[in-house]
Amino acid sequence: MRSSLTRLLPPKSTDSGRCCCTVLVDLLDRCRSPASLRTVGSLHARLLLSGGGGGGGGEQPALLVKLIRAYAACGDLCRARLLFDSVPGPLKNTVFFNVMIRSYVSHRRPRDALRLLSSMSPGPDHYTYPCALKACSDAADLPAGRQLHAAVARLGLDANLFVANALITMYARCGRSDRAFQVFAEMPRRDVVSWNAIIAGFARERRFDRSIAACREMAALRGPAPDAGTLASVLPAMADAAPADIGLVRDLFDEMPAKGPIAWNAMIAIYSNNSMAKEAVGLFARMETAGPEPDALTLASVLPACGQLSAFGLGKRIHEIIKRKGMRPNMVLENALMDMYANCGCLADARDVFDGMRVRDVVSWTSIISAYGTHGRGKEAIALFEKMRESGVEPDSIAFVSLLAACSHAGLLEEGRRYFRSMTNKYRIVPRIEHYACMVDLLGRAGCIEEAYAFITKMPIRPNDRVWGALLGACRVHSNMEIGLLAADELFRLVPEQSGYYVLLSNIYARAGRWEEVTSVRSVMADKGIKKVPGCSNVELGSKVHTFHVGDQSHLQSKMIYRKLDVLLGRMKELGYVAATESALHDVEEEDKESHLTVHSEKLAIAFVLINTGRETPVRITMNLRICGDCHHFAKLVSTIAEREIIIKDTNRFHHIENGVCSCRDYW
DNA sequence: TTAGGGTTAG
């Protein structure tokens, strides 16, 4: 770079001053990274020798401005400031101040920017204010922002598009989206940046409805067309979004001409964040064939979708892309990669990524703790938590959710109690509802149902359905009818539409052989129009994810799958297998219940993998519900009969099954 | 000149 630039330099003795100046300006403009710092230095020296850039007078101000900007762009703010200070007063116009203030802002030194602003003479102009307002938002300095707003209004500059847009962002980033909206509403003219700024402003304050409404309004009006930035701005507001809203952004995406990586990345992230993993992965595939080159952000956005689908093959291929493109170290990307492996049931691969990381933050540690926890390896999760503390990373609220859940999965009762107490005593983290739910789960599944119930009654916050749900689940495991009914009562009041809790209650009755009550639960469901969520299982074969629903006959290999199931069940019965009919919801004849159970989606998925792969390939299945007792038993037997490793991810944890033994040790 | 995209739990 340096040598080519030097070669481009005009001869010193040129008599064409203007031409020389143009070339120099051009060269300086190209110096934008620390690697060009030496080039800037030599150009500066050249100017000094020709008497053009020493600050001693007689310089061309335009060249000096470019030189200051080039030093700043290369990261040498000190030299930029020295040069700035050396410019004689009469020569130091607004442009010099604007360039220096901008340099501070772009190097995240908003305080220096504001200090310089206050000493500015001549006064700021419409180029200064947008940048100064950005400094206020970076410094989260609302009073300073308000002062600037007043000054702007006095000058009548609030009608300037750039100034008004910057005001919107300043107010929004200082937590005043109401004021931001006021500025937006009063603007005589708005461009795409104004809209994006207000959409992002509402999203930032978690006023998701207003953010999406603004996006919708923008799309409906015949004003500026939404662009990639619009998608990026609305993205944080699109967590658990309504299908219609996701449809809206998809339409915007489709209508966008010449889509760049930002639009693709935002759309993929929106799908990922809304558990629409198949759509996210599908869009990524389209991007690979017909879109721009995926970057680190693309990959970090699609990896959670791979985890959701247990698309291990795709996840591994993305890992290869990361290696090939030399994208590491990149902590966010590595966190996503580690989590993908963990969610695909590959704990060892997740650990490899974790071990290879140069820098780890609380997200990295939480991910690996959670990975060990959901795989039933609670003691190791605890050891990692302690290692995290030794390494100087402080746990946050989410880290404790993972840790307590890990204790719960492994039945580590005392450890869980101790860590829960330490949250308040030692770490000054106020337990949230999620932590209480973990504790109820821990106590309940360890068999301390009475204690779990007493714990709920003493909670300082109102228990929600997750808390009561954990208790009801424990009552099913330990067949506690009395407290189970209390929990169910609360649940039917809190979330009368959620079918899962009716199913749990009916399982409790079925286990006790009280079929009359099972029938009455069923009729309550029918009366209220509540349908059981149909079970479904995903399984990856080659590069395709296959989805099976309960009783599915739509698969091309359906006949073979059912034949395989028959063979497996026959072998199992020889080994003494009896269907665990209390797992079935309906009070029907024993034989019917059994046939209902045999078509659970996870059984179909297991048979499908057995047909299509060899013994060395583990069966990896991801479900949308908790695995039922019968399927769990079935999987353990298959692992013996077919000599296969089976890894099932249900909505609660992993079941790593080998030689008839499950990593959950039947504790789930 | 102004806005805007990634990772962690249950």
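Being a predicted model, the structure only gives us computed values, none of them experimental.
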Name the nucleic acid region contacted by [X], choosing base, sugar-phosphate or nothing; use a 4.0 angstrom heavy-atom cut-off, strictly under.
X: A/Asp396; value: nothing
X: A/Ala296; value: base
X: A/Leu235; value: sugar-phosphate
X: A/Arg360; value: nothing
X: A/Ala405; value: sugar-phosphate
X: A/Ala232; value: sugar-phosphate
X: A/Ala437; value: nothing
X: A/Asn98; value: nothing
X: A/Asn273; value: sugar-phosphate
X: A/Pro261; value: base
X: A/Asp441; value: nothing

Expected output: side-chain [X] to main-chain [Y] donor-acceptor under 3.5 Å:
X: A/Lys134; Y: A/Ala166; value: no
X: A/Lys649; Y: A/Gly307; value: yes
X: A/Asn274; Y: A/Met276; value: no

Test: [X] and [Y] ion pair at under 4.0 Å:
X: A/Arg466; Y: A/Glu434; value: no
X: A/Glu320; Y: A/Arg317; value: no
X: A/Asp349; Y: A/Lys316; value: no
X: A/Glu293; Y: A/Lys325; value: yes

Interface limits on DNA chain B, where chain A has a heavy atom under 4.0 Å of a nucleotide atom: B/dT1 to B/dG10
